[in-house]
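Below is one structure, written out as structure tokens, with a few remarks after it.
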Amino acid sequence: MKADKMRKAIGAILLVFVISIGFSKPVHEWLSIPTSMVLFEGQEASLFQAPESTLISGSTEQEDIVVFNMHTESNDQISASLVAENQGDDTVTMEVGNFPVKKIDVKVLPDIKVIPGGQSIGVKLNTDGVLVVGHHLVDTEDGEKSPGEIAGIEVGDMITKINGKPIEKMNQVSSFVQEAGENGTSLSIEVKRDKETLNKELVPLKAKGEHSYRLGLYIRDSAAGVGTLTFYEPNSKKYGALGHVISDIDTQKPIVVHDGQIIRSSVTSIEKGSNGDPGEKLASFSEERQVLGNITKNSSFGIFGELTTRKIENNVLDKEMPIAISSQVKEGPAKILTVVEGEQVQEFDIEIVSSVPQKFPATKGLVIKVTDPKLLEATGGIVQGMSGSPIIQDGRVVGAVTHVFVNDPTSGYGCHIEWMLEEAGIDIYGKEGKAKAS
């Protein structure tokens, strides 16, 4: 009986001791140390603070990738941190009294720096072929018919070849149509539909009282719009902009790019956003305006290519800045760079409401809210044309504005910068270096 009471008493004391340890700050800091970390070359990451008497040490498996540092603070505390020295993978073992208690897998990435944008740009895209945006009925002697619809050509199809000849512009189409119509022959039309290549036979028809023949299709070979430059890499001149895909206004399908240009543009006015009605930047750009770069890619994360001008400045943060990957972005204050009048880039305050650490490319990784009174007064929040505005947090480029919440124009989505860099062909994971080394 006495033994049972003694055991219960000891158990209660131990329970109180364990609970009290659990509430202590050093234990909380210790438990909060992640089991895996991603750092950039030269970056230092703080791990924890503990009383100076604590017998804590650390060791690394590699000699030249990560360094474990211990510092003595002025308040009789020691602080531990990791310093990333070279690209690669390492494992840090934390020890208490020479007893291993925790391991941290550390990946060190190359020290990539980009120059943030914020400039208003005009976007001119030429499609990879001729895009079908609608069917047209031809009023023939036998009634109204659409040759394109009869041939099985659908809205959203891209016409890439006619009679085996590549088609890039709308003005190439009419000569094929007239020749086939006059000869009473059909056209062999190659179309791309999603990822499929299909062949269709189309017989042009002539409308009553007309001499020319028709396809019965509405087609388009280019698109234009306004957006914001996100970043460029100063050595390669590779850039990213918009943060989201450009889709055709009629088909709502992503435009497959043949080529294109980004052009310096000027914001002429702002249509303020309100609940249920997203606002818009109105901007002008013309043939005479300076061409800033080409467009080689249109993806879920924006448009990409290379700058053709020697230097482009925003006059706010014209310097190389480090980036942050998704796991390093935190909730809290941040800034965006964008234009609300003319060509002047300005810095505005926002709040990162949430950030989703993403291991694989995915859009809408950030939720942001505009908090700057000047921007709210000028635009009502996030407006169309602001897409691509770079997001800066703690001196790092972390992402880009992409979408506005229709029912709350002060808030919207952003994408993480790492996916835009990947789409631009900038090797932030050091894959190319590893391939050469092997």
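Just so you know, residue 1 is the first one in the sequence shown, and it goes up from there.
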Fill in: Distance-minimising heavy-atom pair for D372 and K374
OD1-N, 3.0 Å
Practice prompt. Mind checking the NE2-OG spacing from H416 to S355? Nearest 0.5 Å is all I need.
Written response: 3.5 Å
Discussion item. For the residue pair S247 / Q252, report whether a side-chain donor-acceptor contact shorter than 3.5 Å exists.
Written reply: no
Discussion item. When you measure from the side chain of E313 to the backbone of N315, do you find a donor-acceptor pair of N or O atoms at a distance under 3.5 Å?
Written reply: no
Item to complete: Measure the spacing between CG of L131 and CE of M170 and express it to the nearest 0.5 Å.
Response: 10.5 Å
Worksheet item: Which atom pair, heavy atoms only, marks the closest approach of L137 to S146?
Response: CD2-N, 3.9 Å
Discussion item. Quick check on L282: does its CG atom have over 12 non-hydrogen neighbours (other residues, nucleotides or ligands) under 6.0 Å away?
Written reply: yes
Item to complete: Please report the shortest heavy-atom distance between K238 and G425, naming the atom on each side.
Response: NZ-O, 3.0 Å
Worksheet item: Roughly how far, to the nearest 0.5 Å, is OG1 of T338 from CD of Q346?
Response: 9.0 Å
Worksheet item: Short question: side chain of K113, backbone of P234 - any donor-acceptor pair under 3.5 Å?
Response: no
Item to complete: Check whether any side-chain heavy atom of K124 lies under 4.5 Å from a side-chain heavy atom of I263, and answer yes or no.
Response: yes
Discussion item. Within this structure, what is the CD1-CD1 distance for the pair I262 and I121, rounded to the nearest 0.5 Å?
Written reply: 4.5 Å
Worksheet item: Just by distance, with hydrogens left out, do E44 and S81 show a side-chain donor and acceptor under 3.5 Å apart?
Response: yes
Discussion item. Any non-hydrogen side-chain atom of Q328 less than 4.5 Å from a side-chain atom of F40?
Written reply: yes
Fill in: Candidates I162, L217, I167, D157 - the one meeting side chain to side chain contact (heavy atoms under 4.5 Å, CB included) with V130
I167
Worksheet entry | Taking every non-hydrogen atom, the tightest pair across V345 and G117 | CG1-O, 4.2 Å
Discussion item. Let's go through N199 and E190 carefully: what are the C-alpha distance in whole Å and the side-chain angles of both, what is the deciding distance for side chain to side chain contact (heavy atoms under 4.5 Å, CB included) to 0.1 Å, and is it a yes or a no?
Written reply: CA-CA 5 Å; N199 290 291; E190 181 182 283; 3.8 Å; yes
Fill in: Polar side-chain atom of E41 near backbone of Q87 as donor-acceptor pair, under 3.5 Å
yes
Practice prompt. Would you confirm whether N86, through its side chain, and D64, through its main-chain N or O, come within 3.5 Å as a donor-acceptor pair?
Written response: yes
Worksheet item: Any Lys/Arg nitrogen of D105 or K103 sitting under 4.0 Å from an Asp/Glu carboxylate oxygen of the other?
Response: no
Worksheet entry | Side-chain heavy atoms of V155 within contact of H135, under 4.5 Å | yes
Worksheet entry | No-hydrogen, no-angle side-chain donor-acceptor test under 3.5 Å, E418 and Y429 | yes
Worksheet item: Within the distance-only criterion (no hydrogens, no angle test), does the side chain of T228 pair as donor or acceptor with the backbone N or O of G385 below 3.5 angstrom?
Response: yes
Worksheet item: Rounded to the nearest 0.5 Å, what separation is found between the CH2 atom of W419 and the OG atom of S300?
Response: 13.0 Å
Worksheet item: Taking the side chain as C-beta and beyond, is there a heavy-atom pair between L307 and I312 under 4.5 Å?
Response: yes
Worksheet, complete the sentence: What one should report as the nearest heavy-atom pair of P278 and V404 is CB-CG1, 3.8 Å
Worksheet entry | I104: which of V66, L47, T35, D90 passes side chain to side chain contact (heavy atoms under 4.5 Å, CB included) | L47
Worksheet item: Going from CZ on F348 to OG1 on T379, what distance comes out if it is rounded to the nearest 0.5 angstrom?
Response: 7.5 Å
Worksheet item: Can any side-chain N or O of T230 pair as donor or acceptor with the backbone N or O of Y239 at less than 3.5 Å?
Response: no
Worksheet item: Would you call the rings of Y413 and H403 parallel, tilted or perpendicular, where under 30° means parallel and over 60° means perpendicular?
Response: perpendicular
Worksheet item: Taking everything shown except K335 itself, do over 12 heavy atoms lie less than 6.0 Å from its NZ?
Response: yes
Worksheet entry | Student check: side-chain heavy atoms of F231 and P390 closer than 4.5 Å | no
Practice prompt. Kindly give the heavy-atom pair with the smallest separation between V133 and I219, and that separation in Å.
Written response: CG2-N, 4.2 Å
Practice prompt. Check whether the side chains of S265 and S120 place a donor and an acceptor atom closer than 3.5 Å, and report yes or no.
Written response: yes
Practice prompt. Compare all side-chain heavy atoms of E280 with those of V226 and state whether any distance is below 4.5 angstrom.
Written response: no
Discussion item. Does this structure show an ion pair linking D250 with R220, if we count only N-O contacts that are shorter than 4.0 Å?
Written reply: yes
Worksheet item: So do the side chains of T127 and S222 get within less than 4.5 Å of each other, counting heavy atoms only?
Response: no
Worksheet item: Can you check whether E306's main-chain N or O pairs, donor with acceptor, with Y232's side chain at less than 3.5 Å?
Response: no
Worksheet, complete the sentence: Result for salt bridge (Lys or Arg N to Asp or Glu O under 4.0 Å) between E154 and one of R193, K192, K253 points to R193
Worksheet item: Is the side chain of S411 donor-acceptor paired with the backbone N or O of K369 at a distance under 3.5 Å, no angle test?
Response: no
